[in-house]
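Nothing here was measured: the structure is a model prediction, and the numbers come from that model. The figures that follow rest on heavy atoms only: side chains count, while hydrogens, waters and symmetry mates do not. Proteins get letters first, then strands, A, B, ... in listed order; numbering begins at 1 in each.
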There are 2 protein chains.
Amino acid sequence: MSGDGLASGDEPVAEARRRPGRRPGSADTRGQILAAARETFAEKGFDKATIRGIARQAGVDPALVHHYFSGKEGMFVEAMDLPITPDLVLSAVTAVPREEAGERLVRLILTIVAEEGARQPVLALVRTAMTNEQMVATIREFMTRALLNRVAEALDVPPIRMEAAFAQMFGVVLVRYVLRLEPLASADIEDLVKLLTPTIQGYLDAPR
Amino acid sequence: MSGDGLASGDEPVAEARRRPGRRPGSADTRGQILAAARETFAEKGFDKATIRGIARQAGVDPALVHHYFSGKEGMFVEAMDLPITPDLVLSAVTAVPREEAGERLVRLILTIVAEEGARQPVLALVRTAMTNEQMVATIREFMTRALLNRVAEALDVPPIRMEAAFAQMFGVVLVRYVLRLEPLASADIEDLVKLLTPTIQGYLDAPR
């Protein structure tokens with residue numbers, strides 16, 4: 001009986017916690033903008049897509065797009081349902097001393113993709129990249145402009161070394177979760193951190 | 001009429017006995033066996049597929065399969081149109097001193113996939129792995145049993161380190177030829193050999 005009471009009592013609390021300023025219909029407008037973003041990114045690529053163009057596609061004022069999203073990168077992340085923003089990756093690797101950035105990066109990536117719900121959109125994006133020539137360009141532009149070049153610049157690492165590090169982690173995610181080769185697929189995250197950190201840190205350090 | 005004779009079930013046995021001397025129809029028989037191999041590998045996986053089972057599926061005598069193919073691994077390589085056999089990889093890395101095996105492996109893989117005709121079947125297999133749950137198991141078994149475990153054993157490297165090395169090269173191939181991230185996509189093979197050899201050799205060496 002008390003269980004029932006708890007269940008019904010939960011809802012008003014959730015209602016009360018709702019962010020102030022949210023009006024009915026907001027969710028739809030937001031979803032409408034994200035749908036327009038997906039179309040625009042697929043059509044124009046990441047570099048040529050603009051907030052203004054996405055707003056036009058969604059039939060809303062650009063100010064409304066700025067109200068809902070922090071910028072083009074954030075829109076891409078949300079449109080593709082990605083589990084992390086480039087800003088978060090960047091602040092994670094720059095928050096530690098440079099000689100710890102490799103380990104930080106390896107643990108961050110492995111921890112994120114360990115969660116099924118976070119991993120699925122990432123694998124979906126990889127599948128898209130494998131089969132859709134137009135979306136490959138969009139994904140490439142996003143990866144380069146929004147993520148790899150920024151991390152490379154922040155850590156003062158040549159872009160090709162950043163890409164080699166990305167290739168290592170990308171390959172590990174596919175071997176662990178798509179091919180599921182053993183023993184790597186069942187290995188503990190901390191064992192993988194030990195195994196992969198010398199490689200990633202090696203790429204971040206000066207050329208050997 | 002010899003045409004009727006060919007169609008009858010026991011004729012292929014006679015054909016195998018008449019070695020050498022390729023007769024008209026050999027190419028078709030070979031193709032027929034490969035088609036049966038593809039079906040059998042997809043259905044049963046690599047480990048459980050047998051020469052006998054593939055022969056039965058193709059409606060030929062097992063001796064004929066042995067006549068055309070050196071073994072199950074060779075059949076898989078030909079059925080999937082792969083550009084290199086596990087035997088060749090193995091002999092390439094064991095033909096040089098152990099401290100040169102990393103460089104040898106990196107150059108071998110990059111040189112093979114540089115050729116479009118050799119690369120396409122490899123990428124086709126990756127696409128299959130990304131979307132076809134049943135074929136993933138077959139590819140995993142082939143990779144593990146026929147390639148990675150054998151190289152790991154020959155070089156006395158723990159399997160998980162061999163898989164990390166594979167993940168690095170797998171990721172590089174995808175970054176170079178599918179995502180085509182620059183500057184890695186346009187880099188010279190020898191520059192990539194310099195960049196990647198410390199990583200691959202590091203995995204082959206004793207745990208750091």
Side-chain angles (χ1 to χ4, degrees), chain A residues 123-133 135-137 139-145 147-149 152 158-187 191-192 194-203 205 207-208, chain B residues 123-133 135-137 139-145 147-149 152 158-187 191-192 194-203 205 207-208:
Chain A
L123 295 182
L125 203 65
V126 178
R127 281 191 193 96
T128 301
M130 292 298 300
T131 51
N132 183 329
E133 194 58 33
M135 271 304 286
V136 161
I139 294 165
R140 174 169 57 238
E141 287 168 7
F142 172 77
M143 285 295 307
T144 306
R145 212 80 57 180
L147 185 61
L148 295 177
N149 283 2
I160 198 169
R161 298 181 73 83
M162 204 62 230
E163 288 168 7
F166 166 71
Q168 172 72 83
M169 295 311 298
F170 183 35
V172 164
V173 170
L174 295 185
V175 165
R176 188 166 163 88
Y177 294 106
V178 178
L179 291 181
R180 295 197 295 280
L181 298 184
E182 293 295 355
L184 201 149
S186 303
D191 288 338
L192 291 178
K194 276 196 204 90
L195 177 68
L196 300 167
T197 292
T199 296
I200 303 304
Q201 188 64 41
Y203 289 129
D205 292 341
R208 281 173 282 195
Chain B
L123 295 182
L125 203 64
V126 177
R127 280 190 194 96
T128 301
M130 292 297 300
T131 51
N132 182 330
E133 194 58 32
M135 271 304 285
V136 160
I139 294 165
R140 173 170 56 238
E141 288 168 6
F142 172 77
M143 286 295 306
T144 306
R145 212 79 59 179
L147 186 62
L148 295 178
N149 282 2
I160 199 168
R161 298 181 73 83
M162 204 62 230
E163 288 168 6
F166 167 70
Q168 171 73 83
M169 295 310 299
F170 184 36
V172 164
V173 170
L174 296 185
V175 165
R176 187 165 163 88
Y177 295 108
V178 177
L179 291 180
R180 296 196 295 278
L181 298 184
E182 294 294 356
L184 200 151
S186 304
D191 288 339
L192 291 179
K194 275 196 204 88
L195 177 67
L196 300 166
T197 292
T199 296
I200 303 304
Q201 188 64 42
Y203 288 129
D205 292 341
R208 284 173 282 193

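- For the options B:V178, B:D191, B:L181, heavy-atom pairs under 4.5 Å to chain A are most numerous at B:L181.
- Listed options A:A137, A:A165, A:A164 were ranked by heavy-atom pairs under 4.5 angstrom with chain B; first place goes to A:A164.
- Applying the salt bridge (charged side-chain N to carboxylate O under 4.0 Å, His left out) rule to pairs touching residues 168-180 of chain A yields A:R180-B:E133, sequence neighbours excluded.
- When each of A:M143, A:E141, A:R127, A:Q168 is scored by its heavy-atom pairs under 4.5 Å with chain B, the top score falls to A:Q168.
- No side-chain donor from either of B:T197 and B:Q201 sits under 3.5 Å from a side-chain acceptor of the other.
- Remark: B:A129 pairs with A:L179, B:V136, B:I139 by the side chain to side chain contact (heavy atoms under 4.5 Å, CB included) rule, at least two apart or across chains.
- In terms of heavy-atom pairs under 4.5 angstrom with chain A, the leader among B:V172, B:I160, B:V175 is B:I160.
- If you measure heavy-atom distances from B:A187 to chain A, the contacts under 4.5 Å come from the side chain alone.
- Side-chain atoms of B:L174 and A:L174, non-hydrogen and from C-beta on, do get closer than 4.5 Å to each other.
- Here the closest non-hydrogen pair linking A:P159 and B:P183 is CB-CD, 3.9 Å.
- In this structure, chain B has heavy atoms under 4.5 Å from both the backbone and the side chain of A:M130.
- Both the backbone and the side chain of B:L196 come within less than 4.5 Å of a heavy atom of chain A.
- Looking at heavy atoms from C-beta onward, B:T144 lies out of side-chain contact with A:E182 at the 4.5 angstrom threshold.
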